[in-house]
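Quick note: numbers below take in every heavy atom, side chains included, and nothing from hydrogens, waters or symmetry partners. Residue numbers count from 1 along this sequence.
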Amino acid sequence: MNITVIGAGYVGLVTATALAKIGHQVICLDRDKKKIGMLKVGRVPIFEPDLETLVEQGITAGCLRFTTNGKEAFLSPDIILLAVGTPENADGSANLSAILGACQEIAESVRSRVIVGVKSTVPVGTNDKIEAFFEAQNSLVEVVSNPEFLSQGTAVRDTLHAKRIVIGTESEYAMARMMEMYAPFQQPMVTMTRRSAEMVKYASNDFLALKISFINDIANLCECVGADIDEVVAGMKFDERIGQQFLSPGIGYGGSCFPKDTKALHWLAEESGYTLRTIQAAIQVNEKQKFKLIQAARKDIAQLAGKKIAVLGLAFKPGTDDLREAPALPNIQYLLDSGAEVSVYDPVATENVALIFGKAIHYSKSIAECLTDVDACFIFTEWAEICEMDLALFKLMKDQNVYDGRNCFDLVDVERADFNYYSIGRKKIQRSRVR
């Protein structure tokens, strides 16, 4: 098939390269000239494991092209996949301007029967409105809801080995063509109405966000009553009804999906006259959780002004350089506003952080450099390099106060290394003063 993917972000780029890998002719359209220029020579503008290799393979095989030219992209597509951003508005609702702009261009450009598969996350009912728009503008277009379920850091694997492909449409023809496109993946396909497909995406993401907020709430209570969250989780995960994924306590979720999608579904419910109290609670818990480390540090450090603080881990999760809703950012800003000197280290996200904070903070090239002569250390991302670090490096600190927002270290190892250590939902370790 000839496939056009609109949007060269995480979803669009991974989808385009994966479809090229299974033999389709794919052209990816994006208006960002710099981004497309990089992609044309096989360079990927985002950090995502294995993606650059996949892009290079697609270009070499002649199955994958990139363009900023709409005429080229809409020349003869069988299927168009919309993968543009739907950021949140100030009130928490989804901003659909990019979606609507792309639809207008499609309506003005296509001259043969085509299916538009909407991969972007949109409120329930949006695809019906898009179909109505095309019926009024261009009767050759049929609309399918085709939500994505990839995770940053594992996006290539999640696409090539998806647990399911959801296709929502009322058209048998569109359903058959979409299934034909995805058939070479040999993955389970779940078919339903458009509105149900739209809801599946929100319900899936919001359930995972709720699970994260729940275990963080329990971890906070563990600190109050003297239980250990690691032991609690160990006892919970054997129950198949609960499972063991998304039960890692920490300082909350971030990224491009969970924060936006919880707010969007909450907003949609309110607009529909219903209150999703569970999702409302998840949002509230997550917002408060972001500053758990600051709250702990303020009990130990009377005055942050003039203190030197190390921050390890900046991206919202390991395996990506994405900073959207990353807990590290508001915490760094709080430290700066409090008069602290901040040094940071992240394996891949440092350049993106520099675009935000500029010269206001110091950018370290290693964990050791970041820790040298500081008064406290905050850990916000559980990169393997951090979790596996030599704990003796904390001896480089002037005052060994470590606040771990991702529970990177075993408490036995911490006690042996002998430094002050606060983590989420576990007992606090106090450094021995006897040498």
(request) Would you check, one step at a time, whether the test side-chain hydrogen bond (donor to acceptor under 3.5 Å, both in side chains) holds for Tyr10 with Thr320? (result) CA-CA 10 Å; Tyr10 275 97; Thr320 180; 2.8 Å; yes
(request) Show your reasoning for whether salt bridge (charged side-chain N to carboxylate O under 4.0 Å, His left out) applies to Arg65 and Glu72. (result) CA-CA 10 Å; Arg65 293 178 293 146; Glu72 181 184 359; 3.2 Å; yes
(request) Begin with the C-alpha distance, continue with both residues' side-chain angles, and end with the deciding distance and a verdict on salt bridge (charged side-chain N to carboxylate O under 4.0 Å, His left out) for Arg431 and Glu415. (result) CA-CA 8 Å; Arg431 181 186 180 192; Glu415 287 184 320; over 6 Å; no
(message) Quick one, Asp228 with Lys427, criterion salt bridge (charged side-chain N to carboxylate O under 4.0 Å, His left out). Give me CA distance, side-chain angles, the key distance, then yes/no.
(response) CA-CA 7 Å; Asp228 186 298; Lys427 72 174 182 179; over 6 Å; no
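How far CD1 of Ile386 is from CG of Asp346: 6.5 Å, rounded to the nearest 0.5 Å. Here the straight-line distance linking atom CD1 of Ile22 with atom CE of Met1 works out to 10.0 Å at 0.5 Å rounding.
Screening residues 340-381 for ring pair (Phe, Tyr, Trp, His ring centres under 6.0 Å), with sequence neighbours left out, gives Phe378-Tyr403. Evaluation of the ring pair (Phe, Tyr, Trp, His ring centres under 6.0 Å) test over residues 173-201, restricted to residues two or more places apart or in two chains, returns none.
Geometrically, Lys201 engages Phe149 in a cation-pi contact defined by less than 6.0 Å to the ring centre and at most 45° from the axis.
We find that Arg157 and Glu48 are not joined by a salt bridge, their nearest charged nitrogen and carboxylate oxygen being 4.0 Å or further apart. Of the charged side-chain nitrogens involved, at least one lies within less than 4.0 Å of a carboxylate oxygen, so that Asp239 and Arg241 count as a salt-bridged pair.
Around CE of Met175, the count of heavy atoms belonging to other residues, nucleotides or ligands within 6.0 Å exceeds 12. Summarising the local packing, CZ of Arg31 is surrounded by more than 12 heavy atoms from other residues, nucleotides or ligands at distances under 6.0 Å. Heavy atoms of other residues, nucleotides or ligands lying less than 6.0 angstrom from NZ of Lys317 number more than 12.
When the ring-ring contact (aromatic ring centres under 6.0 Å, His included) test is applied to Phe316, no partner is found at least two apart in sequence or on another chain. Looking at residues two or more places apart in sequence or on another chain, you find a ring-ring contact (aromatic ring centres under 6.0 Å, His included) between Phe258 and Tyr253. The side chain to side chain donor-acceptor pair (under 3.5 Å) test applied to Lys428 returns Asp300, not counting sequence neighbours. Residues meeting the side chain to side chain donor-acceptor pair (under 3.5 Å) test with Asn407, sequence neighbours left out: none.
Annotation: side chain of Val144 is not in contact with side chain of Arg194 (no heavy-atom distance under 4.5 Å).
The aromatic rings of Phe394 and Phe409 sit perpendicular to each other, their planes meeting at more than 60°, with 30° as the lower class boundary.
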